[in-house]
Every structure is written in C-alpha cells, then in structure tokens.
Amino acid sequence: MSNYDSMNKRQKEAVFHTEGPLLILAGAGSGKTRVLTHRIAYMIEEKGVNPWNIMAITFTNKAAGEMRERVDKIVGFGSESIWVATFHSSCVRILRRHIDRLGYDSNFTIYDTDDQKTLLREICKRLEIDTKMIKERAILSAISSAKNELISPVEYELRVMGDYVKKKISQVYKEYQAALKKNNALDFDDLLVKMVELFKACPDILEMYQNRFQYIMVDEYQDTNTVQFELIRLLASKSRNLCVVGDDDQSIYKFRGANIRNILDFESVYPEAYVVKLEQNYRSSKNVLHAANGVIRNNRGRKEKALWTEKDAGNPIHFKQFDEAYEEADYIVRSIKDKKKSGEADYRDCAVLYRTNAQSRLLEERFVMDSIPYQVVGGVNFYSRKEIKDMLAYLKTINNGKDDIAVKRIINVPKRGIGGTTIDRVQAYAIEEGISFYEALQQAEDIASIGKGFVKLQPFVSLIQTYRSKVEYYGLSNLLKDVMEGTGYIKELEESEEEDAEDRINNIQELLNKLIAYEEGKLELGETPSLSEFLEEVALIADIDTTNSDNNRVMLMTLHSAKGLEFPHVYMAGMEDGLFPSYMTITADDKTEIEEERRLCYVGITRAMEDLTLTCAKRRMMHGETQYNAVSRFVKEIPQELLDNKPQQSKQMVERYEEESFERAAFRSKPFETRSAGSFTAKKESDFDFELPTPGNRPKAVLKKAITKEGSKPFIAQNGGVMSGGGIVKGGSMGLGELPYGTGDRVSHVKYGQGQVVQVEKGPRDYQVTVTFDDYGDKVMYAAFAKLQKL
DNA sequence: ATCGCGCAAATTTTT
DNA sequence: TTTGCGCGAT
C-alpha cells in the first residue's frame, strides 16, 4: 500500500487526478518520478484500473529502468503488466508484431548513426553529389528533421521547389528511404515514423492499442518532437487519459527536433486539460535555487514559475576565474581532493559538468595526474567503438543477410584482400538483380565482372554459412567466441602495434560478457535467447544507460548528459562567453537559441544539491589555437550577492580582450574565396556586411542578405574576412616580410601613439613586436596587425 | 589493395 | 588539438 500523506498538496493533486488530460509542470527536483509512480499505484489500488491498461513512456532506458523498479516496489502484484518503456523500444515491440502490414519484414534491423552515414555516403556517390558542397552531416540532419516533422520524401520534394541544395537533399532522402527498405532496416527516427504510419494506415491496429493503453503517461514531455507528439495523440485520442510531465525550462534538445511548443501548447490541444505545477524543490539549497531562478528568469515565453525550498540557504555559490584552462582543471581537482580529505564529500558526490566533450581532456589529464578516480559519461559510446561494431556486424550478418551495411563492414575485416572495386561490382550486380548484397556474394561465381575476385569472396561466404549453421545448437556466446577467434580478428589485434589494441580486445571481451549475461538471464527465465533480440537490445542502448554510480568516482559529463541527475557537489567548468553560451548561439540570427543555452545552464545549476562551483578561464585552447573568453553572461545573471567572488569586468580587460581578438582575426586571415555558405560563395569584401566585435564576441562578417536567398549564418572572421580596429583589412594571407623598423626605432601606432621598439621576435607567421609607448607603456603586438609607422 | 599523408572541420546527441 | 576523409603513391 502506498502512502500519499507524505506528499505535498500539489503532488497529491497530480496523483489523484487520473481521468482526462493532465499536464504536470514539474520543476527540477520537485519529485516528479515519485508523483508518477504513486499515480500509477493510486490508479490500480484506488481506482481499480487494470495494470495492463497503463503505459508509461520515457526517453532513456535508464529512466525506464528506474521507473520500472520504483513501480514494482510500490505496486507489487500485477506491476509487471504495466507497459514501462522508452519511445523507441515501445515502437520496436509493436512494429515487430505488425510491420508486415507496411511491407517490411518483421526481423528488420535498426541502423545507428554510423550505419546511416555509411548508407548516405553510398547514395551520395551514386547520385554524384559533392559532399564538399553539401555536407553529409547537413543532409543527415535535414533528413532527420524531416522525419521528426513527419515529412515524407514526396512531401519534402514538393516543399523544396527551386532551392538547389534542398532539391538534392530531397533526392537523397528518397533514395535513402528506398535503400533502408531494401535492406530491411529502420533508422532511429523511422522507428517512430513507421509506428505513426502503421497506426494511420491500419485503424484496426490503432484501435487495438488504444484499447490496451487507456492510461498513458509521458515523462520529459518538453523533449518530445512532432512524431512523438503525434504518436501519443493517436494512442490517447480514444481514452483521452493522457498525463504528461515536463518542465519547459529544461527543454534542451531543440537541435534534435524537440518541440517546446508541445508542452507550451498542451492546454490548447487539450482544452479540458488540468494543470498542476510542482514548484517545491526537494533537492537544492536556497542559494542554488535562487541562482537557477535568477538565470532562467531572463528567458521569454516560458511558463511562469519559481522553485522554492524549505531547505537552508547553504553555501554561497563559488565563482573563480583563472588565466589558463589548465589552472581551472587543476583547481577543480584540488578542490575535490580537499573535500575528500576533510570528509566533506566523497568522490561519488562530485560531478564536473561542461558544455563540450572536448573539455573533458584537460580535466582527465589532471584527474589521472592526481590519481583521483573519475568516470567520463558520453563521448564515444561503448557500442559505437570500432571493434564492437565489427563484432556486432558479424552477428548481424549471421542473423540477417539483408543488412548490406553490416556485410560490407566486415567483408574485409580482418583483411581478406577484397577491395573497393570488387565490392562495387558485387553491389552493381545486386542492384541489377534486385537482390541483397550478401545474396549477390553467394552467387559470386556468376558475376562476370569480378572474374578472379570470386576466389577471395568464396571463403568469406562459407565462413558466414558455417556460423549460420551453428547458431541453432551452438549457443550465442560460443558463436561470438568463435567469431572472435575464427575470423582472426583477435589475433590481428594481438599482433597489432597499435597503442590501444589491448583496450580493444578488452572491449570485445566485455561485449562477450554482456552477451553471456543476456543468455544466462534468458535461460533463468526459461526463455530462449535469440540473436535478433540481443542485437536489438544493444541497438537501443545509450551510454548514459550503462553508467552506474555504484563506483566511488567523480563523474565528468556534458551538461546535456547531466539532465535528470543530481549531485551534492557540482562544478560547472568553462563558464565563458563563446564556450557557454557557445559562439554558435551568440551569433545566431535566431534569438531563441541563446535561450536554449540558458535552459542548459539552468539544468546544470539545478543538478547541485549542496554546493555549486562555477569556473572559467581567460585563455583556453580551442580548435588548436588560443581563445580569449570573457566571463559567461550567465554568471552575471546570477544574483551577485549569492557569489563568493564577483566576476571582474575592468575596463582594461575589455580593452585587452578587444585588442587580442582583433589580432587573432587578422592573424588567421585567408582569402574570402575559401568561405561558402550553402550554395553561395562569397568572393569579395562587398559581399559581406560587417559588424564590430564586442567583448565576448569575435568580429563578425555576415553575408549580405541581398546575395543569399534567405540570409545565412554569420561568418566569424577567422578565415572569412579580416577585420581590424573598426575597419576592414583586405582578405589574403599575411606572410612574413621585412619589417621597416627594428629594435630601438621610434614608431607610431594608431591607438597608442608614439613609442620605442624594444624587441622584435620572429613567430611562425608574423613578427611579435614589443613597444614601449610613451603614454601606454609596454605592449606586445603582431607586426602585420599593428601597422606601426617608423618615424 | 593498402597505406599514409595532407587538408578541412570541429556544440550539444535521451534512441 | 584531434579527428576523419580523400586521394595519390606503393
């Protein structure tokens, strides 16, 4: 029996409101999972709802697992028939059963991003699309957005009339979908899209599931995209018992298609909706909460709410600015060490959050140096490592010969002397005959064009055939062991000179362990382990799911990965304008982009329970060169009385910053011709509008609107244009030339007036000149930029 | 067929 | 700085 007395008034309201649409606006740390699980229990215990009719949808496997666990605990008997799953795994489950109605085979494979890229590359080659002009990534994200918006290839084509680039993308989209279907594969987006298609095409199936899922709950609703919205809308349209939980202030996945309007407009879509706001926070100290509120307040178009807590004020928010990024890392590590020593915190209580994965390197180095246990979340997913993907490709090939991508991945791994030309010819034959790549391989003898190449293909085909015949009686883990050894893959790694060869072998071993665990788990339940099922599980696993915090380690992760987690001690590193918020969003035309960054900051701050430390550095290496960054505007949005150190903003700093940013811009010059935006390439200065740099922003050159079709993203003046103190310097590289002055000469400078040259140092690309100015003292500057006049 | 060098690009990423 | 890719040389 569950106890509802321990809940606050609002929470109870949400729990007891079981019929009709319900929007729960749950602020960070307001106990929403608790509300959801209690709500389920209440429905079953008090309202007599059949567990079988309840569905709870989450985004991550981890969230689903946690929900499952808590529901099981509180509901007890019958809880296993509650459908608790992620969007994607729900779709897979349903599609496996009915996808034949859409003309797919029910043992379809799921393509991950890597597979998508491989397929895309093939198609671009076939369609003779120059991937330098239209970037692969751009195509992929265009296709993904289209799918997220439920725009079919045909519709897409109709919409893009006239635009050259989009027209090309439309062609690719069409081909890409055709190829997926031919390979009997679905990408991640497809899982949702096909589900919606199925429901729309087969009202009988839709009705079946509408009857089954009479009470639907969706977690993290602010992150849903259009397909997900539609999917839920369809499922709930009969019962209308739809409960969505979310926080518009924590919507940070717009770039992945999440539509914040889904949550903001919930009440207009469901006019009879009941709304509950959970604003009491049980996680953080007052200071942390006030800091978070101070930041998020600056966003427009949000549902007004303010978190409050009964907790004490707690520690002040720590803020520290360093000269160099490594000093920042150093400080964080030292601080954690101190806390551990004094017993204030254990390693597992601390997390370091940052904006970009690249920032983890510097931190890691320090952690290693001080031998402090840490764990990086994210970065390269275990399942996207090369060696793991290779092993899985073998298993996929053995499992489903229709997966061309998998077959091609391992046909020459380890090396079998099968090259691109042979593969292309087999592919051509396969297309001609309308068969899969693997089937073509089996008929290699008949392919006239490959001639003797057939000799190399034969052993590969028989290898796979042998494995296939073994699947039945051999057991999955034995099969994988056989692949590891039998293909010579492990042997190749053992003999390899590569530094990480041993890690790779360990990773494969780890995969084997996971397979064994899967197999044993199944056998314990009295079920038959199946290769397809294992592959499917693996395909839907993300890194965050496998991170267990049982280990006593400091957690390092991006702000995005931190969502949904909490830590007593949180460090937010790299609080710098240009890094966080990123240049991309500062310079974006779309003003709402900065708001998403602000939400990200809000998410970061609200992860902290007791102690929050914000750090930044004046200088940091980014993309291989030193960047000078000002303190993040977000730090300044925090009520300053909460900070133990106030961010400094002296006039000199601004001046120095401006100066250095000019110099850098000038230094990196390249001709205008090197830059292009979409289909247009800028050729001369007059193609740009220029904007002056401001502290925190690099100088900006924007393609003139008149020239581009719909405007374009601004150029940062690094390769595109050269700027100097307010004027435009010609494009073109600056090389080393003779200087018209030397040490001891009197010179004059536009800004600093007259002075004497005290030192001239030859740098890689320019001279560094030190001048003692009469009015300003010593200045070090680059000759090409400074344009000093000899007197 | 394979290797290796040079060039360009580089947020965030629940599945 | 790091990574990934394409192309030219073996």
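By convention in this document, chain letters (A, B, ...) are assigned in the order of the sequence lines, proteins followed by strands, and residues within each chain are numbered from 1. Quick note: numbers below take in every heavy atom, side chains included, and nothing from hydrogens, waters or symmetry partners. All of these numbers come straight from a predicted model, not from anything done at the bench.
With sequence neighbours excluded, the residues satisfying side-chain contact (heavy atoms from CB on, under 4.5 Å) with A:Gln458 are A:Phe454, A:Ser462. Under the ring pair (Phe, Tyr, Trp, His ring centres under 6.0 Å) criterion, A:Phe367 pairs with A:Tyr374, sequence neighbours left out. Residues that satisfy the salt bridge (Lys or Arg N to Asp or Glu O under 4.0 Å) test with A:Arg361, not counting sequence neighbours, are A:Glu365.
Between A:Lys563 atom NZ and B:dT11 atom P the separation is 21 Å, expressed in whole Å. When the P atom of C:dC5 is taken as reference, atom CG of A:Leu120 falls 12 Å away, rounded to whole Å. When rounded to the nearest whole Å, the span between CD of A:Gln222 and C1' of B:dT14 equals 11 Å. If you take OH of A:Tyr583 and P of B:dT12, they are 16 Å apart, rounded to a whole angstrom. One atom, NE2 of A:His88, and another, C1' of B:dT14, lie 8 Å apart when rounded to the nearest Å. Atom CD1 of A:Ile594 and atom P of B:dT11 are 17 Å apart (whole Å). Taking atom OH on A:Tyr111 and atom C1' on B:dT13, their separation rounds to 21 Å, with Å as the unit. Here the C1' atom of nucleotide B:dA8 and the CD atom of A:Glu136 are 14 Å apart, to the nearest Å.
In summary, A:Arg619 and A:Glu324 engage in a salt bridge, as defined by a charged side-chain N under 4.0 Å from a carboxylate O. Remark: A:Lys254 does not engage A:Glu593 in a salt bridge, criterion side-chain N to carboxylate O under 4.0 Å. Ion pairing of A:Asp189 with A:Arg256 is absent here, as no side-chain N (NZ or NE/NH1/NH2) approaches a carboxylate O to less than 4.0 Å. A salt bridge is defined here as a Lys NZ or Arg NE, NH1 or NH2 lying under 4.0 Å from an Asp or Glu carboxylate O, and A:Lys32 with A:Asp219 meets this definition. Ion pairing of A:Lys125 with A:Glu122 is absent here, as no side-chain N (NZ or NE/NH1/NH2) approaches a carboxylate O to less than 4.0 Å. The pair A:Asp577-A:Arg633 counts as a salt bridge, with a side-chain nitrogen and a carboxylate oxygen less than 4.0 angstrom apart.
Phosphate contact (OP1/OP2 of C:dC5, side-chain N/O of A:Lys117, threshold under 4.0 Å): absent. Side-chain N/O atoms of A:Ser561 include one lying less than 4.0 angstrom from OP1 or OP2 on B:dT13.
Judged by ring centres under 5.5 Å apart and planes tilted less than 30 degrees, A:Phe255 stacks against the six-membered base ring of B:dT12.
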Polar pairs (N or O, both sides) under 3.5 Å between protein and nucleotides 1-4 of chain C?
residue	atom	partner	partner atom	Å
C:dT1	O3'	A:Arg361	NH1	3.4

Tabulated below should be each protein N or O lying under 3.5 Å from an N or O of nucleotides 1-6 of chain B; please produce it.
residue	atom	partner	partner atom	Å
B:dA1	OP1	A:Gly419	N	2.9
B:dA1	OP1	A:Thr422	OG1	3.2
B:dA1	OP2	A:Thr421	OG1	2.7
B:dT2	OP2	A:Asn412	ND2	2.9

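Which of B:dA10, B:dT11, B:dT13 sits closest to the side chain of A:Lys135 comes down to B:dA10.
The residue A:Tyr253 sits close to a base: some heavy atom pair falls under 4.0 Å. As judged by a 4.0 angstrom heavy-atom cut-off over every strand, A:Thr558 is placed among residues touching the sugar-phosphate backbone only.
In terms of position along DNA chain B, the nucleotide closest to A:Leu600 lies nearer the 5' end than the nucleotide closest to the other residue of the pair A:Ala539 and A:Leu600.
Less than 4.0 Å separates DNA chain B from at least one heavy atom of each of the following residues of residues 352-360 of chain A: A:Arg355, A:Thr356, A:Asn357.
Side-chain contact check for A:Asp248 versus A:Arg599: every heavy-atom pair is 4.5 Å or farther apart.
One P atom belongs to B:dT13, the other to C:dG4, and the distance between them is 16 Å to the nearest Å.
Taking CG of A:Asp187 as the start and NZ of A:Lys194 as the end, the distance is 9.0 Å to the nearest 0.5 Å. Atom CD of A:Glu328 is separated from atom CD of A:Glu576 by 6.0 Å, given to the nearest 0.5 angstrom.
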